[in-house]
Amino acid sequence: MLNNIKPKTGRLLISEPFMADPNFKRAVVLLTEHGDEGTVGYILNQVGNLVLNDVIPDLWDAKNYIYFGGPVAADTLHFIHRCYDKLQSGEPIGDGLYWGGNFETLKILINTNAIRADEVKFFMGYSGWDQGQLDRELEQNAWMVSDIFNADLIFSNDDDKLWRDVIMNLGPKYAHISNFPVDPSLN
């Protein structure tokens, strides 16, 4: 395995630099659920072409970009936030981060400009692994796991830099990985 940190809710999965699956190429996935039944998470660094009011017109000025959360249920909208004090709902996933919550309240808060863009991140679809699937992928060195990151990274808008920054946070042993070319055949 690339590292010995185990997956857990609130941790990050970092794809190995040459991941063949285009859904997860240079992906950073925040795990929102990990247990005996499987794992759920959201890709943090694959911004889409849509903004929130493209899919929910009654959010008049909501220009939050919607990220590709993963290939599962790609027609569903999800969100992660760090504004429990305002929303008063959501499943805690650690470090002041929450998964989901009361969407009607969130809409009101967005329309009244009571929530900043860097307090909530939206996703179409999610990433999911059946029981044991993620463990097998970890054994095949498809992923690294990180439990050390600043919550501000979750709301970063610099998709390319996020993957590198999360790897750098793993420590000097992993720093060289962050400089691997996207396509080694061009090197």
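Every value quoted in this text rests on a predicted model; they were computed, and no experiment measured them.
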Tell me whether K63 contacts the main-chain N or O of L52 through its side chain, where contact means a donor paired with an acceptor under 3.5 Å.
no
For W143 and F24, take the angle between the two ring planes, folded into 0 to 90°, and tell me which bin it lands in: parallel under 30, tilted 30 to 60, perpendicular over 60.
perpendicular
Go through the steps to decide whether I93 and L30 satisfy the test side chain to side chain contact (heavy atoms under 4.5 Å, CB included), and finish with yes or no.
CA-CA 9 Å; I93 53 177; L30 174 64; 3.7 Å; yes
Give a yes or no answer on whether the side chain of S156 reaches the backbone of L162 with a donor-acceptor pair at less than 3.5 Å.
no
Does the side chain of L170 come within less than 4.5 Å of M144's, by heavy atoms?
yes
Got a donor-acceptor contact below 3.5 angstrom from the Q46 side chain to the N23 backbone?
yes
With rounding to the nearest 0.5 angstrom, report the OG1 to CH2 distance, T32 to W99.
3.5 Å
Look at the rings of Y126 and H78 and say which category their plane angle falls in: under 30° parallel, 30 to 60° tilted, over 60° perpendicular.
perpendicular
For F103 and F122, take the angle between the two ring planes, folded into 0 to 90°, and tell me which bin it lands in: parallel under 30, tilted 30 to 60, perpendicular over 60.
perpendicular
When I5, I148, V28 are each screened for side chain to side chain contact (heavy atoms under 4.5 Å, CB included) with L12, the one that passes is V28
Is it the case that K121 places NZ or CZ above or below the six-membered ring of Y42, under 6.0 angstrom from the centre and within 45 degrees of the axis?
no
Residue pairs, two or more places apart or on separate chains, that pass salt bridge (Lys or Arg N to Asp or Glu O under 4.0 Å) and touch residues 87-96
none
Give a yes or no answer on whether the side chain of Q140 reaches the backbone of A142 with a donor-acceptor pair at less than 3.5 Å.
no
Would you check if F68 and M124 make a side-chain contact, meaning some heavy-atom pair closer than 4.5 Å?
no
Assess whether a salt bridge exists between R136 and D130, defined as any Lys/Arg side-chain N lying under 4.0 Å from an Asp/Glu carboxylate O.
no
Taking atom CE of M168 as the centre, report whether more than 12 heavy atoms of other residues, nucleotides or ligands fall under 6.0 Å from it.
no
Test: side-chain hydrogen bond (donor to acceptor under 3.5 Å, both in side chains). Region: residues 163-173. Which pairs qualify, not counting sequence neighbours?
K161-D165
Side chain to side chain donor-acceptor pair (under 3.5 Å) with R11: which residues, sequence neighbours excluded?
none
Please check this pair: side chain of S15 against backbone of A27, looking for a donor-acceptor N/O pair closer than 3.5 Å.
yes
Answer yes or no: is there a side-chain heavy-atom contact under 4.5 Å between Y98 and R82?
no
Would you check if the side chain of R26 reaches a backbone N or O of P17 as a donor-acceptor pair within less than 3.5 Å?
yes
Could you walk me through whether F123 and L44 pass the side chain to side chain contact (heavy atoms under 4.5 Å, CB included) test, one step at a time?
CA-CA 9 Å; F123 305 90; L44 298 172; 3.9 Å; yes
Do L97 and I154 have side-chain heavy atoms sitting under 4.5 Å apart?
yes
So, H34 and T9: side-chain donor and acceptor under 3.5 Å apart, yes or no?
no
Is any side-chain heavy atom of K8 closer than 4.5 Å to a side-chain heavy atom of L31?
no
Keeping to residues at least two apart or across chains, list the salt bridge (Lys or Arg N to Asp or Glu O under 4.0 Å) pairs with something in residues 32-56.
none
Salt bridge (Lys or Arg N to Asp or Glu O under 4.0 Å) contacts in which one or both residues fall within residues 100-117, not counting sequence neighbours:
D58-K107, E104-K107, R116-D118, R116-E119
Looking at residues at least two apart in the chain, or sitting in another chain, which of them share a salt bridge (Lys or Arg N to Asp or Glu O under 4.0 Å) with D159?
none
Using side chain to side chain contact (heavy atoms under 4.5 Å, CB included), reason through I80 and V120 one step at a time and then give a plain yes or no.
CA-CA 6 Å; I80 293 169; V120 63; over 6 Å; no
Applying side chain to side chain contact (heavy atoms under 4.5 Å, CB included), run through V72 and S127 and close with a yes or a no.
CA-CA 6 Å; V72 182; S127 300; over 6 Å; no
